Amino acid sequence: MRIIDARVIVSCPGRNFVTLKIETESGVYGVGDATLNGREMAVVSYLTEHVVPQLIGRDASRISDLWEYLYKGAYWRRGPVTMTAIAAVDTALWDIKGKVAGLPVYQLLGGRARDGVTVYGHANAAGFDGLLSEISGYADLGYRAVRIQTGIPGLSSTYGVSKDRMFYEPADAALPTENVWSTARYLNHIPTVFQQVRAEFGPDLKLLHDVHHRLTPIEAARLGKSLEPYDLTWMEDPVPAELQEGFRLIRQHTTTPIAVGEVFNTIWDCQQLITEQLIDYIRATVVHAGGITHLRRIFDLAALYHVRSGSHGATDLSPVCMAAALHVDVSIPNFGLQEYMRHTPETDEVFPHAYHFEDGYLFPGEEPGLGVDIDEEKAARYPYRPASLPVNRLEDGTVHSW
Ligand code: EZ4
Ligand code: CO
């Protein structure tokens with residue numbers, strides 16, 4: 001079954017998405033997400049200039065072989081642009097394989113290991129009263145797990161607190177906006193928030209928090225310790241993770257579980273974190289970690305070391321990525337949690353999908369393949385708009401991790 005065409009579709013139905021569509025001689029086609037927030041056009045160029053010409057004429061059924069061909073064949077390994085491009089190809093080929101087999105992709109991955117995929121939503125507000133009503137809203141919708149982000153007194157803005165009530169979008173301008181950060185203000189405030197939230201909602205609701213790479217290991221250790229009484233499901237991205245051994249220090253001091261991985265591209269980014277049992281949840285994704293094929297390799301390694309999955313599912317991961325993630329989530333033994341930020345109605349319209357939410361769970365649906373598509377006519381109505389993620393500075397002007 002030869003590949004006869006591959007196209008990169010860029011569309012901005014509320015936010016930018018890059019989608020790869022691979023067509024075969026039999027007429028069956030597959031789709032893959034290739035969105036890298038704030039760096040979209042780098043992946044578009046990598047795909048159109050370098051990958052697509054190499055796909056034409058190849059056998060679409062040889063997923064593993066094509067993965068190795070694109071990874072080893074480039075000579076230059078790893079990195080977000082390369083791995084996002086490979087992920088898009090891999091995802092589209094799994095979609096094709098499922099359609100040809102007449103089976104949803106999760107069946108090809110071993111079948112269902114659970115009934116539904118437990119998801120967590122994003123409750124956020126600048127102040128405490130707003131936060132409580134956001135959390136209640138999620139609980140009323142049936143969510144069993146909620147991520148909590150809140151404003152920090154003395155800071156005009158911070159990561160995770162939306163301007164739009166429903167749809168948080170950090171890539172908020174063509175050129176980066178700038179935020180101001182204070183670790184001291186943050187560390188003093190956050191435990192008081194969780195103390196009140198836990199008191200209000202009782203022991204059953206799972207509570208999560210995203211530190212978004214802003215602390216040093218010893219600061220993260222202090223935060224984890226101070227949050228222990230409030231029983232967090234995880235503390236996410238406590239420190240930038242280039243230094244994997246840095247997590248040892250956090251681990252020595254706190255039993256608050258640690259989740260990391262949304263910016264990881266390969267198994268080599270988390271190999272030490274997993275094998276030394278320095279984390280509890282690995283949050284790598286289909287789109288940024290080499291597709292279904294490579295993500296499964298990461299999750300399999302994690303399973304040996306009691307590390308569970310916790311895949312990233314922010315709005316910049318398109319419905320194509322979400323669909324692929326759900327087929328993986330429902331079929332692996334060591335599933336933990338799936339992030340689920342709702343897409344805008346425009347996005348859902350451009351990407352019709354079979355997955356659906358019910359009572360705190362997502363279900364991948366029973367369509368052959370991934371059960372997601374791109375409506376190219378509708379996509380064409382939303383042209384690309386440059387958008388960048390913010391840059392963060394300390395109060396004295398020093399550039400800090402965002
Ligand atoms: O900042 O997806 O857990 N979710 C996150 C996200 C990321 C964005 C970056 O593109 O940290 O909100
Ligand atoms: Co995050």
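Atoms within each ligand, like the ligands themselves, are counted from 1 in listed order. The first residue of the sequence shown is numbered 1, and numbering continues consecutively from there. Note that the structure is a prediction, hence the values are computed from the model and not measured.
Residue-to-ligand polar distances place Asn37 within reach of ligand 1: an N/O pair is separated by less than 3.5 Å. Inclusion of Asp210 in the set of residues having an N or O under 3.5 Å from an N or O of ligand 1 is warranted.
The protein atom (non-hydrogen) at minimum distance from atom 2 (O) of ligand 1 is Asp316 OD1, 2.7 Å. Closest to atom 11 (O) of ligand 1, if we only count protein heavy atoms, is Glu262 OE2, 2.7 Å. Atom 1 (O) of ligand 1 has as its closest protein heavy atom His212 NE2, 2.8 Å.
Any protein N/O/S atom under 2.8 Å from the Co ion (ligand 2) was counted, giving 3 altogether.
Arg251 CZ: more than 12 foreign heavy atoms inside a 6.0 Å radius.
Taking the ring centroids of Trp402 and His212, they lie under the 6.0 Å cut-off. The distance between the ring centers of His122 and Tyr168 does not fall below 6.0 angstrom. Ring centers of Tyr159 and Trp181: at least 6.0 Å apart, outside the cut-off.
Rounding to the nearest 0.5 Å gives a distance of 9.5 Å between CD1 of Ile148 and NE2 of His209.
Close approach of ligand 1 to Glu236 (heavy-atom distance below 4.0 Å) involves ligand atoms 3 (O), 4 (N). Taking every non-hydrogen atom of Trp402 and a distance limit under 4.0 Å, the qualifying atoms of ligand 1 come out as 1 (O). Residue His312 has at least one heavy-atom neighbour below 4.0 Å for each of these atoms of ligand 1: 2 (O), 3 (O), 4 (N), 5 (C), 6 (C), 7 (C). Close approach of ligand 1 to Ala314 (heavy-atom distance below 4.0 Å) involves ligand atoms 2 (O), 6 (C).
Nearest heavy atoms, Val320 versus Val372: CA-CG1, 3.9 Å.
Aromatic ring pairs are classed by plane angle as parallel below 30°, tilted from 30° to 60° and perpendicular above 60°; the pair Tyr138 and Tyr143 is perpendicular.
Under the 4.0 angstrom criterion for non-hydrogen atoms, Arg283 is in contact with ligand 1.
Applying the salt bridge (charged side-chain N to carboxylate O under 4.0 Å, His left out) rule to pairs touching residues 202-230 yields Arg147-Asp210, sequence neighbours excluded.
Side-chain atoms of Asp95 come within 3.5 Å of backbone N or O of Val31 as a donor-acceptor pair.
For atom 5 (C) of ligand 1, the nearest non-hydrogen atom from the set Tyr168, Tyr159, Tyr120 comes from Tyr159.
Remark: the Tyr355 side chain and the Glu367 side chain contain no N/O donor-acceptor pair separated by less than 3.5 Å. A side-chain N or O of Tyr29 and one of Asp373 form a donor-acceptor pair less than 3.5 Å apart.
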